[in-house]
2 protein chains.
Amino acid sequence: MSERGSGTATREAIRAAAARLFLERGYARTPVRDIAGEAGVNAALVIRYFGSKEELFLETMRLTIDDEPLLDVPIASFGRRFVEVVLSTDDIRGVYLALVRGSGERRIAERLREVHEQALVAPLRARLSGADADLRARMAAAAVGGLLYSLWVVGDESLADDREELVARYGAIVQQLVSPQP
Amino acid sequence: MSERGSGTATREAIRAAAARLFLERGYARTPVRDIAGEAGVNAALVIRYFGSKEELFLETMRLTIDDEPLLDVPIASFGRRFVEVVLSTDDIRGVYLALVRGSGERRIAERLREVHEQALVAPLRARLSGADADLRARMAAAAVGGLLYSLWVVGDESLADDREELVARYGAIVQQLVSPQP
DNA sequence: GTCTATATGCAGATAGAC
DNA sequence: GTCTATCTGCATATAGAC
């Protein structure tokens, strides 16, 4: 294998280890040394390749929501379906938690803003029209964000108890937010 | 002045400096040395008095919401009023942000849970009755938490644009959540 | 080119001098 | 009651081994 091939493989090993550890422990509680150890290389190499711990974090903590399950949903049941999709998409929880907790760093906060915009606001906005469509989409995104926040950051166990009922009732609220005002 | 008197004054100076800096910069970005400098003492003394940086943080980042403005509000306009109070209470923003961003630490996460419970869930719960009162209070608290999250953690500027309209419309949603289901 | 060993500088924390 | 000296562990930078 060429020098470049080996380098690329190592790069990937570092990226994979970093993603795993950042998702599991978050930014502050993940030393570069642990990432290096897991990837089987020296800590200095991690910095060599990625510039800094923060760069590596931003490189790995990306999120694209698959909105395919949302495409054919009738507008009337969209709220409920959206809550369902957000809660059951695998990667969201870890990335979201890591970004929120790391958001004291300026660039991590920027990434959180992008993810919020792309994963929550945009899919909602796409289904709305009218003069206040933007405001409605942002309020609905806030409500959904609040659900993730309560479940994952605050850790409100009682809320998680009955998943079915939560999806139904909270979904109805989101629905109300995306519906035009009477 | 006695040894104890001076000690207490210094203690207070440290606490005040810590509160100011934690609110301004958050947990991770506030070195103990800066707190000591601002209080005019040695960094070791800060640890001596408070045990650890984390203890000092927990000691200073408390929050009690004044729910007096909520007592006489008719139940029908409670949602709107609650949003109004939460958004206009001075200390909330700083404490909330510091706790959320520090919540990677177990004990800080616990404090966030307490604050969420006491400042959001409890006032809502107090005004509800019925079998599903607890669930409704927790969903409403999630929605309000999501508003704070969007405004302060994510920094959704568009949402903050028209404060009047935001309070009115988001308040209506909270109202819907605390109202019994048809 | 790819990687390791090692140095620098800053953090929180501790021991003990005064 | 307060400070100095110091330990440990962190991210990061550099030199150079292979």
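Below, read A as the first sequence line, B as the second, and so on, with proteins coming before strands; counting in each chain starts at 1.
- Rounded to a whole Å, the CZ atom of A:F22 is 12 Å from the C1' atom of D:dA11.
- Judged purely by atom type and a 3.5 angstrom limit, B:R125 uses its side chain to pair as donor or acceptor with the backbone of B:L128.
- Nearest to the side chain of A:K53, among D:dT4, D:dT12, D:dA13, sits D:dT12.
- Between B:E84 and B:R81 there is a salt bridge, since at least one side-chain N of the basic residue sits less than 4.0 Å from a carboxylate O of the acidic one.
- Only A:V32, A:R33, listed by number, bring a heavy atom of residues 32-42 of chain A to less than 4.0 angstrom from any atom of DNA chain D.
- Of the side-chain N and O atoms in A:T10, none sit less than 4.0 angstrom from OP1 or OP2 of C:dT2.
- One atom, CD of A:E55, and another, P of D:dT12, lie 10 Å apart when rounded to the nearest Å.
- Judged purely by atom type and a 3.5 angstrom limit, B:R15 has no side-chain atom pairing as donor or acceptor with the backbone of B:L56.
- A:F57 places its CZ atom 18 Å from the C1' atom of D:dC10, with the value rounded to the nearest Å.
- For the pair B:R29 CZ and C:dA11 P, the computed distance is 12 Å after rounding to whole Å.
- Between B:Y96 and B:W152, the angle of the ring planes goes over 60°, which puts this pair in the perpendicular group of the 30/60° scheme.
- Distance B:I47 CD1 to C:dA11 P: 13 Å, rounded to the nearest Å.
- Partners of A:F50 by ring pair (Phe, Tyr, Trp, His ring centres under 6.0 Å), not counting sequence neighbours: none found.
- In this structure, A:L45 atom CG and C:dA5 atom P are separated by 12 Å, rounded to whole Å.
- You'll find the side chain of A:E165 reaches within 4.5 Å of the side chain of B:L135, heavy atoms only.
- The side chain of B:Y49 places no N or O atom within less than 4.0 Å of a non-bridging phosphate oxygen (OP1 or OP2) of D:dG1.
- Taking hydrophobic clusters as Ile, Leu, Val, Met, Phe, Trp and Tyr residues chained together by side-chain heavy-atom distances below 4.5 Å, B:L124 does not share a cluster with B:V121.
- Between A:P31 and A:R48, the residue anchored closer to the 5' end of DNA chain D is A:P31, taking for each the nucleotide with the nearest heavy atom.
- Spacing between atom CD of B:E105 and atom P of C:dG12 amounts to 12 Å, rounded to whole angstrom units.
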